[in-house]
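Scroll down for the structure; my scribbles are underneath it.
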Amino acid sequence: MRSTTKNRSPLNASNSKRLDELCVWIAANFDQTLGWTQLTNKSGFSKEQLVELFQLYKQITPMAFIRQVRLQCKNNQIINPQPELFENIKNLVKESDLLI
């Protein structure tokens, strides 16, 4: 009999780091077309894994995160990503999401 339970992406430091790196990449490329193909190619995660990991770590969907970054950049009138942008992205991530 096959199991009907879904394989869950593990909550681990490796996935957290990869997701944080993806978030920084999103911030640096917010003005580009960012769809599922770009996200999955960059991260190495499937669409389903990305949705699950963003929900677990960030409490937001990947596409909502992209919209949030774009809105923040528009509000800050950032034309080209600068180091300050990465500081702003850190504020989007709750401290409780960071693994020590």
Side-chain angles (χ1 to χ4, degrees):
M1 178 182 247
R2 290 193 310 192
S3 173
T4 57
T5 59
K6 180 180 168 185
N7 288 336
R8 308 237 353 130
S9 299
L11 293 171
N12 62 41
S14 174
N15 284 350
S16 176
K17 181 179 181 206
R18 287 172 59 194
L19 193 62
D20 286 341
E21 290 169 353
L22 180 62
C23 290
V24 170
W25 179 82
I26 288 169
N29 294 281
F30 72 94
D31 57 345
Q32 304 297 315
T33 300
L34 298 177
W36 291 112
T37 301
Q38 292 78 14
L39 296 178
T40 57
N41 287 345
K42 182 64 180 172
S43 69
F45 291 118
S46 70
K47 175 183 174 181
E48 294 78 15
Q49 288 171 317
L50 280 173
V51 170
E52 182 178 20
L53 288 169
F54 264 87
Q55 288 294 336
L56 290 170
Y57 285 107
K58 312 293 185 205
Q59 291 76 48
I60 192 170
T61 66
M63 295 306 160
F65 180 81
I66 292 169
R67 285 190 300 272
Q68 199 173 47
V69 168
R70 287 178 174 157
L71 180 61
Q72 181 177 357
C73 292
K74 180 180 176 182
N75 289 342
N76 290 333
Q77 299 178 338
I78 297 174
I79 297 171
N80 294 313
Q82 299 295 322
E84 308 88 56
L85 178 61
F86 299 110
E87 288 301 315
N88 292 337
I89 293 302
K90 289 180 187 176
N91 294 332
L92 292 175
V93 180
K94 294 180 181 178
E95 287 185 23
S96 62
D97 291 337
L98 302 175
L99 295 178
I100 298 174

* Show your working on side chain to side chain contact (heavy atoms under 4.5 Å, CB included) between S43 and Q49 and close with a plain yes or no. => CA-CA 10 Å; S43 69; Q49 288 171 317; over 6 Å; no
* To do: Return yes if some donor-acceptor pair links the side-chain N/O of Q38 with the main-chain N/O of G35 below 3.5 Å, else return no.
  => yes
* Asked: Roughly how far, to the nearest 0.5 Å, is the OH atom of Y57 from the CG atom of N15?
  ->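 Answer rounded to 0.5 Å: 5.5 Å.
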* To do: First locate atom CE of M63, then atom CD1 of I66, and finally report the distance between them rounded to the nearest 0.5 Å.
  =>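 Going from CE on M63 over to CD1 on I66, the span is 4.5 Å.
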* Asked: Are V24 and L71 linked, directly or through other ILVMFWY residues, by side chains that come within less than 4.5 angstrom of each other?
  -> no
* Using the side chain to side chain contact (heavy atoms under 4.5 Å, CB included) rule, take V51 and W36 through it: C-alpha gap first, then chi angles, then the decisive distance, then the call. => CA-CA 10 Å; V51 170; W36 291 112; 3.6 Å; yes
* **Intermediate values then yes/no, side chain to side chain contact (heavy atoms under 4.5 Å, CB included), R18 and L53** => CA-CA 10 Å; R18 287 172 59 194; L53 288 169; over 6 Å; no
Smallest separation among heavy atoms of [X] and [Y], with atom names:
X: S46; Y: T40; answer: C-CG2, 3.8 Å
X: F30; Y: V69; answer: CB-CG1, 3.9 Å
X: F54; Y: L22; answer: CE1-CD2, 4.0 Å

* **Min side-chain heavy-atom separation K58-D20 under 4.5 Å** =>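 Yes - at least one pair of side-chain heavy atoms lies under 4.5 Å apart.
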* Test log, rule side chain to side chain contact (heavy atoms under 4.5 Å, CB included), inputs L34 and F65 -> CA-CA 11 Å; L34 298 177; F65 180 81; over 6 Å; no
* To do: Let me see the working for K74 and D31 under salt bridge (Lys or Arg N to Asp or Glu O under 4.0 Å), right down to the final yes or no.
  => CA-CA 10 Å; K74 180 180 176 182; D31 57 345; over 6 Å; no
